[in-house]
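Each remark here refers to the structure printed beneath this line.
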Amino acid sequence: SIMLFDPKQGCLVLRAIGTRFALQGFAVSPDAWLGKRFALGEGIAGRVAATRTPVQIDDVNCHPEFLILPDSPVTIRSLMCLPLLANDTLLGVLNLSHSQPAFFSHDQKQSVWFLARRTSALLFDAQQRHSKIDSTAILQDKRESPTLTSWESHRLRAIGEIGNGIAQDLRGVLAQAVGTLERTLSL
C-alpha cells in the first residue's frame, strides 16, 4: 500500500492498494478512505514517517508498535515499511506485507528500496505539476476549475498505477527469489 502524508492533518492516509492476487492496484480518494489514519510516530508507518528510516519486521506479532486493525481482511506477519521522500520532504510511506513470518530477504529489501525511491520521484513530480495548476487557478481567481478536478482524477489514477507497478515488480522479484530458493533446495 501507499500512504501519503497529509500535512494539513499531520497524518498518513491510505491512497493506493495492490495485492499479489489482484491484476492491478487501485487508488483510494482521500475523502473516501474512512479507515485508520496514522499520526507521525503512531504505529510502524507513523514511526517510519517520523524518523524517515525504513523498517523490516519478520514477525509483527512480536512487535509491540504494530497496530492490528480490527476490521482489516488482511493477515500480516512480515512487514516492510519505507519512507517516500523528495529531498528531505516526507511524501508518505510504502508498506509491503505478507502473511508468512520472515518472508522478505535482504535482497528483496534492496529492490523495494529502489522502488520506493522511484515512487517518491513520481509522486514529487505529480505534486509539483499539481502545485503549478493550483497557482495558475489562484492567479486567475478561480475557486473551482475543471482542470483541477480532472487533474485530481489523473493523480489518483497515477497513484493507483504506481501501486500496481510496485505490486507487479515485487511479484517479479519474489518469483525470482522463490525460483532460486526452490532450485537451491532441490540440489
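Taking SG of Cys81 as the start and CG of Leu12 as the end, the distance is 8.0 Å to the nearest 0.5 Å. Distance check, rounded to the nearest 0.5 Å: CG of Asp58 to CD of Gln100 gives 10.5 Å. The structure places CD1 of Ile57 at 9.5 Å from OG of Ser78, a figure rounded to the nearest 0.5 Å. Annotation: the span from Asn61 atom CG to Ile68 atom CD1 amounts to 6.0 Å, rounded to 0.5 Å.
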For the pair Met3 and Arg15, evaluate side chain to side chain contact (heavy atoms under 4.5 Å, CB included) and give the outcome as yes or no after the intermediate values. CA-CA 5 Å; Met3 301 179 83; Arg15 293 297 301 274; over 6 Å; no

Could you walk me through whether Phe124 and Leu85 pass the side chain to side chain contact (heavy atoms under 4.5 Å, CB included) check? CA-CA 8 Å; Phe124 181 73; Leu85 305 168; over 6 Å; no

Begin from the C-alpha positions of Met80 and Asn95 and carry the test side chain to side chain contact (heavy atoms under 4.5 Å, CB included) through to its verdict. CA-CA 6 Å; Met80 285 191 347; Asn95 297 301; over 6 Å; no

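Contact check for Glu42 versus Leu67: side-chain heavy atoms found under the 4.5 Å cut-off. Using a 4.5 Å heavy-atom cutoff, the side chains of Leu90 and Leu40 are in contact. Inter-residue side-chain proximity for Arg37 and Gln9 is flagged as met; some heavy-atom pair is nearer than 4.5 Å. Within the 4.5 Å cutoff, the side chain of Leu82 has heavy atoms near those of the Val112 side chain. In this structure, the side chains of Leu4 and Val13 stay at 4.5 Å or more apart for every pair of heavy atoms. Taking the side chain as every heavy atom from C-beta outward, Ser120 and Leu91 approach each other to under 4.5 Å. Using a 4.5 Å heavy-atom threshold, the side chains of Pro83 and Pro54 count as touching. For the pair Phe38/Cys11, no side-chain contact is recorded, criterion being any heavy-atom separation below 4.5 Å from C-beta on.
Using cut-offs of 30° and 60° for the angle between ring planes, the Phe103 and His98 rings count as parallel.
Taking both residues in full, the closest heavy atoms of Leu123 and Leu84 are given as CD1-CD1, 3.8 Å, listed atom of the first, atom of the second, then distance. Nearest heavy-atom pair, Arg77 versus Asp59, reported as atom, atom and distance to 0.1 Å: NH2-OD2, 2.7 Å. Of all non-hydrogen atoms in Ala50 and Gly41, the two that sit nearest each other are CB-N, 3.7 Å. Between Leu14 and Ser1, the shortest heavy-atom contact is CD1-CB, 3.6 Å.
Few gaps surround CZ on Arg52; more than 12 heavy atoms of other groups in view lie less than 6.0 Å from it.
The backbone N or O of Thr89 sits nowhere less than 3.5 Å from a side-chain atom of Asn87 that would complete a donor-acceptor pair. Side chain of Thr53 to backbone of Thr51: a donor-acceptor contact under 3.5 angstrom is found. A donor-acceptor contact shorter than 3.5 Å is absent between the side chain of Gln56 and the backbone of Leu79.
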